[in-house]
Amino acid sequence: MSRIAVIDFETTGISPGMGDRATEVAIVLTERGRVVDRFQSLMNAGVRIPPFITQLTGITNAMVASAPPAERVMAEAARFVGEVPMVAHNASFDRRYWVAELARAGLPACQPFACTVLLSRRLYPEAPSHKLGTLVDHFQLPRTGQAHRALADAEMAHELLGRIQHDLRARHGVAEPDHAFLMALQACTRAALPKFFRARAVATT
DNA sequence: TGCCAGGCCCTCTTTAGGGCCTT
């Protein structure tokens, strides 16, 4: 069963190690490229949201004040994901918050993360940039909801992942670009990509 | 109010520096 969970966090800043906390999490659960379930929740971590972040995301202190505690939301998110491998746009960022917030809830984080930034850098060096919104516009992918809200960004990352998997099949003859393949691809240097595809691709003609 | 990190990647590199990407 080829399941992938696409995750996005909204947070109070860029560094959980410096005290920043998550304010919202969204997860789009996919199976063979199709959305089969969604999880989304604001969370109250008991910290103030800087005005810049409210301006960026639209998430206010009042909104998180009435949200469930972060530990409860993360426990629900962990149950929702289970052992399904994950994908995020700039996964090193979301993975740090996934690990940090689960640790605060006393829960392990064992899921592997693939990254659509790394993958798009490998596959689309001609793209004007590798920001999520820019890639969505570049490929004319659908937008749903407000950018910089967790569910809308997770949906966009899912659409980008679908485009990546489509191109791997159509352009590179990869029969099944599953999560394990994505992890191998993102670990490959650009210079080694031709050899990588020759070794792994399955002819589709 | 403004600032912070970390990993990746490129090059005018490798005994380094700076840009990208996330909030």
Side-chain angles (χ1 to χ4, degrees), chain A residues 5-28 40-65 67 70 73-74 77 86-104 109 111-139 141 143 145-161 163-164 182-196:
Chain A
V6 184
I7 188 168
D8 186 78
F9 278 104
E10 302 305 321
T11 72
T12 62
I14 53 176
S15 177
M18 298 288 288
D20 291 326
R21 297 294 304 275
T23 57
E24 187 179 43
V25 61
I27 302 158
V28 175
Q40 181 271 329
S41 182
L42 290 164
M43 65 178 85
N44 185 356
V47 296
R48 299 287 298 177
I49 301 173
F52 164 72
I53 296 294
T54 294
Q55 192 171 16
L56 178 70
T57 65
I59 298 173
T60 65
N61 285 299
M63 290 164 68
V64 297
V73 172
M74 292 306 299
M86 306 184 84
V87 165
H89 196 69
N90 199 18
S92 66
F93 176 87
D94 292 284
R95 184 178 180 280
R96 281 200 299 275
Y97 278 95
W98 179 249
V99 170
E101 294 292 350
L102 283 178
R104 287 177 176 273
Q111 299 82 357
F113 273 68
C115 176
T116 48
V117 172
L118 297 181
L119 293 167
S120 67
R121 282 176 178 165
R122 302 286 184 281
L123 297 175
Y124 313 121
E126 77 288 356
S129 91
H130 298 280
K131 293 178 182 177
L132 180 58
T134 302
L135 289 166
V136 165
D137 291 340
H138 182 66
F139 293 117
L141 301 173
R143 286 175 177 264
Q146 175 190 349
H148 295 298
R149 287 298 299 268
L151 185 56
D153 283 4
E155 297 269 12
M156 285 196 290
H158 155 67
E159 294 289 346
L160 176 59
L161 175 63
R163 170 71 190 221
I164 288 169
L182 299 176
M183 294 293 286
L185 174 58
Q186 74 180 28
C188 181
T189 64
R190 275 253 292 280
L193 278 182
K195 185 177 179 182
F196 175 87

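Keep in mind the model is a prediction, meaning the values are calculated, not measured. The chains referred to below are lettered A, B, ... by the order of the sequence lines, with proteins before strands, and numbering in each begins at 1.
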Nucleotide B:dA5, atom C1' - distance to CG of A:Asp20 in whole Å: 9 Å
Side-chain N or O of A:Arg96 closer than 4.0 Å to phosphate OP1/OP2 of B:dG6: no
First encountered from the 5' end of DNA chain B, between A:Leu118 and A:Phe93: A:Leu118
Any A:His89 side-chain nitrogen or oxygen under 4.0 Å from OP1 or OP2 of B:dT22: yes
Side chain of A:Arg121 - closest among B:dG6, B:dT23, B:dC8: B:dC8
Sugar-phosphate, base or nothing in reach of A:Thr12, heavy atoms under 4.0 Å: nothing
Interatomic distance, A:Asn90 CG vs B:dT22 C1' [rounded to whole Å]: 4 Å
Set of residues satisfying salt bridge (charged side-chain N to carboxylate O under 4.0 Å, His left out) with respect to A:Arg21, sequence neighbours excluded: A:Glu101
Protein-nucleotide distance (A:Leu193, atom CG; B:dC9, atom C1'), rounded to Å: 13 Å
Integer-rounded Å distance: B:dC8 P and A:Phe113 CZ: 15 Å
Nucleotide nearest A:Ser15 when distance is taken to its side chain, options B:dA5, B:dG7, B:dT23: B:dA5
Between P of B:dC8 and CD1 of A:Ile14, the distance in whole Å: 17 Å
Earlier contact from the 5' end, DNA chain B, for A:Cys188 and A:Gly13: A:Cys188
Nucleotide of B:dT23, B:dT22, B:dG7 approaching A:Lys131 most closely (side-chain heavy atoms): B:dT22
Distance below 4.0 Å between A:Ser129 side-chain N/O and B:dC21 OP1 or OP2: yes
Validation row: A:Arg149, A:Leu42 side chains within 4.5 angstrom (heavy atoms): yes
Integer-rounded Å distance: B:dC8 C1' and A:Tyr124 OH: 19 Å
Separation of B:dC4 P from A:Ile49 CD1 (nearest whole Å): 21 Å
Whether A:Arg143 side chain and A:Gly133 backbone form a donor-acceptor pair below 3.5 Å: yes
Minimum-distance nucleotide to A:His148 side chain [options: B:dC10, B:dC21, B:dT23]: B:dT23
Whole angstrom value for the distance that separates C1' of B:dT1 from CD of A:Gln55: 13 Å
